[in-house]
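Numbering of residues begins at 1 and proceeds along the displayed sequence.
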Amino acid sequence: MFVAASSRCFPDVAQETCIDKLADLEYTAYEVVIGNRKSDLNPDILLGSLEQAAKLCCSNRQIRPISFFLDLEGTDPHYFEVFDACCRLSKFLRIVSITVKSGILGTPYNEEIERLRRLTKAAMFDGITVGILNESGKIAGTAESIQSLCKSVSHLALTLDPSYFIFNQPNPVDYDSLIPLTSHVRLRDTTREKFQVLLGQGILEYGKLVIQLSKVKYNRALCVDLHPLPDVNQETELRKMRLLLESIL
């Protein structure tokens, strides 16, 4: 296991600036978000020039891209085109993990299964793992639904975000059964009342999670995904998170 950070940690700066900031904080790996925020790899760039997209992702040699997060809804008219381009870029950069969003609740289940099968089939030939992100309000919002999706779609894995199993829940959800399905992990400190709080104010048990992942020989990223909070120094929080996770590992 190793520590990484999401490019969304600095959503209001250009992608290259964000990468430099993470490198300055001594992160050596990061998750590339593909989307429409300022720090994201823009889908138009990805579709327009694979070479330009690769140069943007590797603009700082002190930090390497290790995964992609496709932050587009499956209903986007260019969704599959962008995903296929992401697979080509992943192969070029030797990245083996792509995270995708689940359909919103109300999406026909069979339709979601077919979409995910199409994605995993396209990625499988390049040795890329597709991880479905667990999010509230989405089909992949409960442990049971995630297990059902992964059982129905061959080679589908989980991008585990424990915060969604804590925030807004009467009691923290037991997600032990999902650990063997996990291909990527995104982290922040969380309480039942707030999705993100300062490090040390939440109830996420980082040590326990690392032990659980070790038991299934998980050897990929623990990706810090901190959204900027009002009146909070983002650089300080990111540095504290990195040091904490490294000390546990």
Side-chain angles (χ1 to χ4, degrees), residues 1-13 17-33 37 39 62-63 66-67 69 71 97 99 131 133-138 141-143 146 158-179 182-216 218-249:
M1 275 179 274
F2 56 93
V3 180
S6 169
S7 61
R8 277 280 175 85
C9 291
F10 295 103
D12 298 323
V13 300
T17 303
C18 171
I19 295 169
D20 289 342
K21 283 178 172 286
L22 292 175
D24 289 343
L25 291 167
E26 298 185 53
Y27 282 89
T28 58
Y30 81 104
E31 173 193 70
V32 183
V33 180
R37 295 191 185 182
S39 63
Q62 293 180 304
I63 184 169
I66 49 84
S67 66
F69 170 38
D71 190 19
S97 173
T99 296
L133 178 64
N134 62 284
E135 292 180 282
S136 301
K138 299 295 184 73
T142 65
I146 293 164
L158 168 68
T159 289
L160 175 63
D161 191 326
S163 292
Y164 289 102
F165 293 129
I166 297 173
F167 173 64
N168 244 358
Q169 303 289 343
N171 294 295
V173 176
D174 183 351
Y175 54 85
D176 291 5
S177 62
L178 302 178
I179 296 294
T182 301
S183 63
H184 188 60
V185 179
R186 310 178 87 207
L187 296 172
R188 70 197 65 74
D189 223 348
T190 302
T191 66
R192 296 172 190 172
E193 294 77 26
K194 292 185 178 181
F195 185 71
Q196 179 181 317
V197 295
L198 296 178
L199 182 62
Q201 294 183 358
I203 60 174
L204 180 58
E205 299 180 69
Y206 298 98
K208 178 183 176 181
L209 176 60
V210 168
I211 290 172
Q212 290 175 306
L213 292 168
S214 297
K215 287 180 179 178
V216 297
Y218 178 85
N219 61 358
R220 298 186 181 183
L222 300 176
C223 185
V224 177
D225 181 35
L226 298 185
H227 303 169
L229 296 176
D231 302 318
V232 172
N233 187 301
Q234 181 73 337
E235 287 84 357
T236 298
E237 285 300 299
L238 283 165
R239 186 178 290 107
K240 286 162 58 179
M241 279 288 288
R242 177 182 62 77
L243 292 171
L244 171 67
L245 293 174
E246 288 178 348
S247 70
I248 294 173
L249 295 178

When you measure from the side chain of S214 to the backbone N and O of V210, does any donor-acceptor pair fall under 3.5 Å?
yes

Apply side chain to side chain contact (heavy atoms under 4.5 Å, CB included) to the pair E135 and D161, showing each step before the final yes or no.
CA-CA 8 Å; E135 292 180 282; D161 191 326; over 6 Å; no

Please check if the side chain of Y27 supplies one atom and the backbone of L238 the other of a donor-acceptor pair under 3.5 Å.
yes

Got R192 and N171 here, is their nearest side-chain heavy-atom distance under 4.5 Å?
yes

Shortest non-hydrogen contact from S183 toward S97:
O-OG, 4.3 Å

Go through the structure and list residues passing side-chain hydrogen bond (donor to acceptor under 3.5 Å, both in side chains) with Q212, not counting sequence neighbours.
D176

Where A4 and I66 come nearest, the two heavy atoms and their spacing
CB-CD1, 4.1 Å

Please list, one pair per line, the donor and acceptor atoms closer than 3.5 Å that link side chains of residues 240-249 to other protein atoms, with sequence neighbours excluded.
unit_1	atom_1	unit_2	atom_2	d
K240	NZ	E237	OE2	3.0
R242	NE	L25	O	2.8
R242	NH1	E246	OE1	2.9
S247	OG	L243	O	3.4
S247	OG	L244	O	2.6

Minimal heavy-atom distance between V33 and R8, with the atoms involved, is CG2-CG, 3.5 Å

Name all residues meeting the side-chain hydrogen bond (donor to acceptor under 3.5 Å, both in side chains) criterion together with N233; count only those two or more places apart in sequence or in a different chain, and write none if there are none.
T236

Would R186 and F69 count as a cation-pi pair here, with the cationic atom under 6.0 angstrom from the ring centre and within 45° of the axis?
yes

Step-by-step side chain to side chain contact (heavy atoms under 4.5 Å, CB included) determination, L178 to N134:
CA-CA 11 Å; L178 302 178; N134 62 284; over 6 Å; no

Which class fits the ring pair Y175 and F165: parallel under 30°, tilted 30 to 60°, perpendicular over 60°?
parallel

Step by step, would you call Y218 with T182 a side chain to side chain contact (heavy atoms under 4.5 Å, CB included)?
CA-CA 8 Å; Y218 178 85; T182 301; 4.0 Å; yes

With a 4.5 Å limit on heavy-atom distance, are the side chains of E31 and H184 in contact?
yes

Any heavy-atom pair between the side chains of T28 and F2 that's under 4.5 Å?
no

Pairwise distance SG(C223) to CG(L160) - rounded to 0.5 angstrom
12.0 Å

Report the distance from atom CD of Q62 to atom CG of D24, rounding to the nearest 0.5 Å.
7.5 Å

With the side chain counted from C-beta on, respond yes when L187 and P162 share a heavy-atom pair under 4.5 Å apart, and no when they do not.
yes

Do you know the tightest heavy-atom contact between L222 and L213?
CD2-CD1, 3.8 Å

Determine, stepwise, if the pair V185 / L209 fulfils side chain to side chain contact (heavy atoms under 4.5 Å, CB included).
CA-CA 10 Å; V185 179; L209 176 60; 4.3 Å; yes

Quick test of your reading of the model: are R37 and D71 salt-bridged, counting only N-O distances below 4.0 Å?
no

Is there side-chain contact between L226 and D189, with at least one heavy-atom pair below 4.5 Å?
no

Distance (rounded to the nearest 0.5 Å) between L198 CG and Q201 CD
4.5 Å

Just wondering, do T99 and L133 contact through their side chains at under 4.5 Å, heavy atoms?
yes

Which atom pair, heavy atoms only, marks the closest approach of E193 to F167?
O-CE1, 3.2 Å

Atom of C9, atom of P228 and distance for their closest heavy-atom approach
O-CG, 3.8 Å

Do Y164 and I166 have side chains that get closer than 4.5 Å, going by heavy atoms?
no

Rounded distance (nearest 0.5 Å) linking atom CD of Q234 with atom CG of L229
7.0 Å

CZ of F195 to OG of S163, rounded to nearest 0.5 Å, is 4.5 Å

K21 side chain reached by E235 side chain, heavy atoms, under 4.5 Å
yes

